Chemist: 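Sharing a structure with you now.
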Number of protein chains: 2
Amino acid sequence: MPEFTPDFLAAQLRAASVKVTRPRLRVLACLSRAASALTHGELEERLAEGEGGGLDRVTLYRVLDSLLECGLAERTLDARGVYRFLLSSIRAAHAAHAHFHCQRCGGITCLEQMVAPVATLPTGFVARQVEIEVRGLCVNCSPVGGAAR
Amino acid sequence: MPEFTPDFLAAQLRAASVKVTRPRLRVLACLSRAASALTHGELEERLAEGEGGGLDRVTLYRVLDSLLECGLAERTLDARGVYRFLLSSIRAAHAAHAHFHCQRCGGITCLEQMVAPVATLPTGFVARQVEIEVRGLCVNCSPVGGAAR
DNA sequence: GCCTGATTGCAACAGGGTTGCATTTGCGGC
DNA sequence: GCCGCAAATGCAACCCTGTTGCAATCAGGC
Ligand SMILES: [Mn+2]
Ligand SMILES: [Mn+2]
Ligand SMILES: [Zn+2]
Ligand SMILES: [Zn+2]
């Protein structure tokens with residue numbers, strides 16, 4: 001878990017041979033502080049509040065594109081079909097275990113004890129990620145769990 | 001695996017206390033013939049070709065809604081964030097095993113030999129589905145597999 | 001056959017994401 | 001430090017998937 005100082009982030013960009021710009025640094029900083037993957041809209045809001053003011057919608061999309069392309073960030077789809085962006089280094093920490101998606105409240109819970117199995121593939125296929133997603137109702141949403149409380 | 005005759009489909013609708021209408025029968029028939037889950041757009045195209053002509057965009061969405069609501073169909077998000085619809089009866093046949101998603105061509109391959117593990121959850125959580133998704137490059141897209149051919 | 005609520009069709013809208021193009025800026029070379 | 005140029009930014013306009021409102025039509029219980 002790196003420190004995510006401005007200098008560190010700039011170094012990351014240079015290492016990826018991507019130009020160091022204010023928008024990119026601000027987006028990286030924002031993503032490094034985020035507790036979980038953020039949508040474009042959430043990033044836009046947070047950036048608007050921070051000093052330096054708002055970032056253009058399209059510029060934000062293009063900054064995110066550049067981060068995806070150089071491998072510093074990744075994106076996933078949430079249940080509504082909206083992209084959520086997060087730093088690759090943060091995502092890596094969640095790659096090995098399964099995740100629970102609550103079908104009612106949309107909340108996500110790490111299932112550290114459920115480890116991804118090794119993929120057994122037909123010849124010629126190459127696996128890069130194995131993702132286990134468990135769907136159902138979380139404690140707060142299941143009748144058993146606590147909704148009745 | 002049912003026969004998916006028009007009469008059978010109509011019976012399915014009646015059993016679900018959903019009115020039997022031409023649009024609904026046509027959509028069900030289309031889904032029952034599909035090799036895999038279809039997007040709204042794909043359904044629209046196929047229906048436009050079949051006899052009876054095109055179906056209104058919105059009507060198609062609402063027909064699909066009614067099929068979701070009564071449990072005859074289900075939908076998932078594809079990698080682009082677009083909904084794909086399929087008959088629940090067809091989906092059930094794929095619930096037990098993992099699927100491979102090619103990151104280049106978008107193709108999906110059944111991994112029948114990879115079986116979903118039993119979910120081990122914190123107390124209060126209720127699992128309804130466990131999905132294993134393997135991502136990477138398929139035979140045709142991996143350098144090893146056949147792109148060089 | 002009639003009646004009524006459900007379904008259809010059309011138009012207009014919403015939100016996320018993309019494209020085109022002129023202006024500005026990072027940064028390698030001098 | 002200054003130049004030059006490709007890359008990045010900002011703004012406007014656009015596209016695509018999915019939704020909402022509303023009047024006209026239809027399925028199916030009576
Ligand atoms: Mn996790
Ligand atoms: Mn399958
Ligand atoms: Zn929940
Ligand atoms: Zn492929």
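Chain letters run A, B, ... following the sequence lines, proteins first and then strands; every chain starts at 1. Being a predicted model, the structure only gives us computed values, none of them experimental.
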Chemist: Starting at CZ of A:Arg62 and ending at P of C:dA22, how long is that distance when rounded to a whole Å?
Modeler: 14 Å
Chemist: So, do A:Thr123 and B:Val139 sit near enough that their side-chain heavy atoms are less than 4.5 Å apart?
Modeler: no
Chemist: Could you check how far CZ of B:Arg22 sits from C1' of C:dG9, rounded to whole Å?
Modeler: 15 Å
Chemist: Return yes if some donor-acceptor pair links the side-chain N/O of A:Glu74 with the main-chain N/O of A:Arg91 below 3.5 Å, else return no.
Modeler: no
Chemist: In whole angstrom, give the distance that lies between atom CG of B:Leu60 and atom C1' of C:dC10.
Modeler: 15 Å
Chemist: N/O contacts under 3.5 Å, protein versus nucleotides 15-17 of chain C?
Modeler:
from	atom 1	to	atom 2	distance (Å)
C:dG17	OP1	A:Tyr83	N	3.0
C:dG17	OP2	A:Tyr61	OH	3.1
C:dG17	O5'	A:Tyr61	OH	3.4
C:dG17	N7	A:Arg57	NH2	2.5
C:dG17	O6	A:Arg57	NH2	3.1

Chemist: Could you check, using the six-membered ring where one of them is a Trp, whether A:His99 and A:His97 have ring centers closer than 6.0 angstrom?
Modeler: yes
Chemist: Quick check: do B:Leu86 and B:His94 have side-chain heavy atoms less than 4.5 Å from each other?
Modeler: no
Chemist: Is A:Tyr61 reachable from A:Leu43 through a run of hydrophobic residues whose side-chain heavy atoms are each under 4.5 Å from the next?
Modeler: no
Chemist: Quick check: does any side chain N or O of B:Ser142 sit under 3.5 Å from a backbone N or O of B:Leu137, one acting as donor and the other as acceptor?
Modeler: no
Chemist: Tell me whether the OP1 or OP2 atom of C:dA6 has a side-chain N or O from B:Thr21 closer than 4.0 Å.
Modeler: no
Chemist: Can you check the A:Asp56 CG to C:dT25 C1' distance for me, whole Å?
Modeler: 16 Å
Chemist: Could you tell me whether A:Arg24 contacts a base, only the sugar-phosphate backbone, or nothing, with contacts defined as non-hydrogen atoms closer than 4.0 Å?
Modeler: sugar-phosphate
Chemist: Using a cut-off of strictly less than 4.0 Å, decide whether B:Thr59 has a side-chain nitrogen or oxygen near OP1 or OP2 of C:dG9.
Modeler: yes
Chemist: Between C:dT7 atom P and B:Leu55 atom CG, what is the distance in whole Å?
Modeler: 14 Å
Chemist: Contact boundaries of DNA chain D with chain B (under 4.0 Å, heavy atoms), 5' to 3'?
Modeler: D:dT17 to D:dG28
Chemist: Is the shortest side-chain heavy-atom distance between B:Pro6 and B:Leu25 below 4.5 Å?
Modeler: no
Chemist: Find out if a path of hydrophobic residues (ILVMFWY) with successive side-chain heavy-atom gaps under 4.5 Å connects A:Phe4 to A:Val20.
Modeler: yes
Chemist: For the side chain of A:Arg24 and the backbone of A:Lys19, is there at least one donor-acceptor N/O pair under 3.5 Å apart?
Modeler: yes
